[in-house]
Amino acid sequence: TLDAIWRACAGGLEVPEEALERMRHLYAQSVRLLDDWLAGVLEMLDERGVLDETLVVVTSDHGENFGENGLMAHGFSLDERLTHVPLVAAGPGSEELSGLVSLADLPRALARAAGIPHPWGPDLCSGVAVAEFDPPTGPEDERAHRVAADWGVGEAGLQDRAPAVTGLQ
């Protein structure tokens with residue numbers, strides 16, 4: 001259930017190792033399925049003689065935690081598995097995408113690669129990766145205390161679990 005998923009993410013529900021292994025296997029299979037699908041798209045572009053003039057970009061929005069370091073899913077951490085996403089580009093204009101550190105810069109880089117203007121204003125925090133998570137409520141909300149008790153995470157479940165970000169200028 002959705003409640004069980006959130007409980008597991010917050011540390012209030014132990015997920016059996018067999019279930020974690022099954023999740024990891026299914027995740028790997030979904031990546032394999034996408035890889036096979038992309039191979040078919042590239043093959044079709046090549047058969048039509050347009051692959052060499054097509055910019056192909058593959059990325060994702062985040063990864064997943066499957067029990068590593070006691071973390072589940074992607075809502076309660078800025079773990080490397082979540083923030084280090086793939087970005088592969090090939091074809092004309094792909095050099096415009098090299099060196100990106102945030103997916104927030106991707107639309108502007110794609111516009112440059114296509115040789116068209118982008119409607120956004122000045123670059124967003126150039127050189128700094130951006131991540132944000134706004135929790136649905138805070139520790140001052142009595143509903144949060146009820147949920148923490150129901151999930152078995154106690155007062156610790158109401159604390160900010162995100163690691164401190166250092167080194168940003």
Side-chain angles (χ1 to χ4, degrees), residues 1-11 13-136 161-163 165 168:
T1 66
L2 183 58
D3 183 67
I5 291 168
W6 280 105
R7 284 180 61 207
C9 292
L13 178 67
E14 179 101 15
V15 179
E17 186 59 35
E18 303 80 38
L20 293 172
E21 287 301 321
R22 193 169 49 253
M23 287 181 233
R24 292 177 190 129
H25 171 77
L26 292 171
Y27 191 78
Q29 292 296 35
S30 69
V31 170
R32 178 62 197 206
L33 178 66
L34 180 61
D35 188 53
D36 292 344
W37 176 84
L38 181 59
V41 169
L42 295 174
E43 186 176 295
M44 183 265 311
L45 290 170
D46 192 35
E47 288 170 358
R48 294 187 177 160
V50 296
L51 181 59
D52 290 340
E53 60 191 65
T54 303
L55 173 59
V56 177
V57 179
V58 178
T59 190
S60 81
D61 62 338
H62 59 76
E64 289 293 330
N65 286 306
F66 293 110
E68 299 86 0
N69 299 322
L71 299 170
M72 288 297 300
H74 59 266
F76 290 108
S77 78
L78 291 176
D79 188 76
E80 177 74 11
R81 284 174 289 279
L82 305 183
T83 61
H84 190 99
V85 298
L87 176 61
V88 180
S94 61
E95 64 279 353
E96 292 290 342
L97 283 72
S98 67
L100 292 183
V101 295
S102 174
L103 292 179
D105 295 327
L106 184 60
R108 185 173 288 101
L110 289 171
R112 278 195 312 268
I116 59 175
H118 194 278
W120 289 0
D123 286 346
L124 295 173
C125 304
S126 183
V128 177
V130 178
E132 179 181 347
F133 175 71
D134 294 325
R161 294 178 61 182
V165 177
L168 298 180

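A distance-only check finds a donor-acceptor pair linking the side chain of Thr59 to the backbone of Pro86 [under 3.5 Å]. Put simply, the side chain of Glu96 never gets that close to the backbone of Ser94: no donor and acceptor are under 3.5 Å apart. Side chain of Ser102 to main chain of Ala104: a donor-acceptor pair is present (N/O by atom type, distance under 3.5 Å, no hydrogens or angles).
Here the closest heavy-atom approach between residue Met23 and residue Val15 is recorded as CE-CG1, 3.6 Å. The shortest heavy-atom contact between Ala113 and Leu97 is CB-CD1, 4.3 Å. Heavy atoms only, all atoms of each residue included: Ala89 and Val57 are closest at CB-CG2, 4.2 Å. Considering all non-hydrogen atoms of both residues, Met72 and Gly67 come closest at SD-N, 3.4 Å.
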- [ ] For the pair Leu20 and Glu68, evaluate side chain to side chain contact (heavy atoms under 4.5 Å, CB included) and give the outcome as yes or no after the intermediate values.
- [x] CA-CA 10 Å; Leu20 293 172; Glu68 299 86 0; over 6 Å; no

- [ ] Starting from the C-alpha separation in whole Å, work towards a yes-or-no answer on side chain to side chain contact (heavy atoms under 4.5 Å, CB included) for Val56 and Val88.
- [x] CA-CA 8 Å; Val56 177; Val88 180; over 6 Å; no

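Note: Asp35 CG to Ser30 OG = 11.0 Å, rounded to the nearest 0.5 Å. Note that the CG atom of Leu100 and the CZ atom of Arg108 stand 10.5 Å from one another [nearest 0.5 Å]. If you take CD1 on Ile116 and CG on Leu110, they are separated by 9.0 Å, rounding to the nearest 0.5 Å. Separating the CG atom in Leu103 from the OG atom in Ser60 is a distance of 7.5 Å, to the nearest 0.5 Å. The CG atom of Leu33 lies 12.0 Å from the CG atom of Leu26; values are rounded to the nearest 0.5 Å. Note that the CG atom of Asn65 and the CG atom of Leu82 stand 4.5 Å from one another [nearest 0.5 Å].
Taking 4.0 Å as the cut-off between side-chain N and carboxylate O, Arg48 and Glu43 do not count as a salt-bridged pair.
Each of Glu64, Arg32, Arg22 was checked for a side-chain contact (heavy atoms from CB on, under 4.5 Å) with Tyr27, and the lone residue meeting it is Glu64.
Put simply, the side chain of Gln29 does not reach to within 4.5 Å of the side chain of Leu34, judged on heavy atoms. In this structure the side chain of Asp46 never reaches within 4.5 angstrom of the side chain of Asp52, judged on heavy atoms.
Shown here is Glu21, whose CD atom has more than 12 heavy atoms of other residues, nucleotides or ligands within 6.0 Å.
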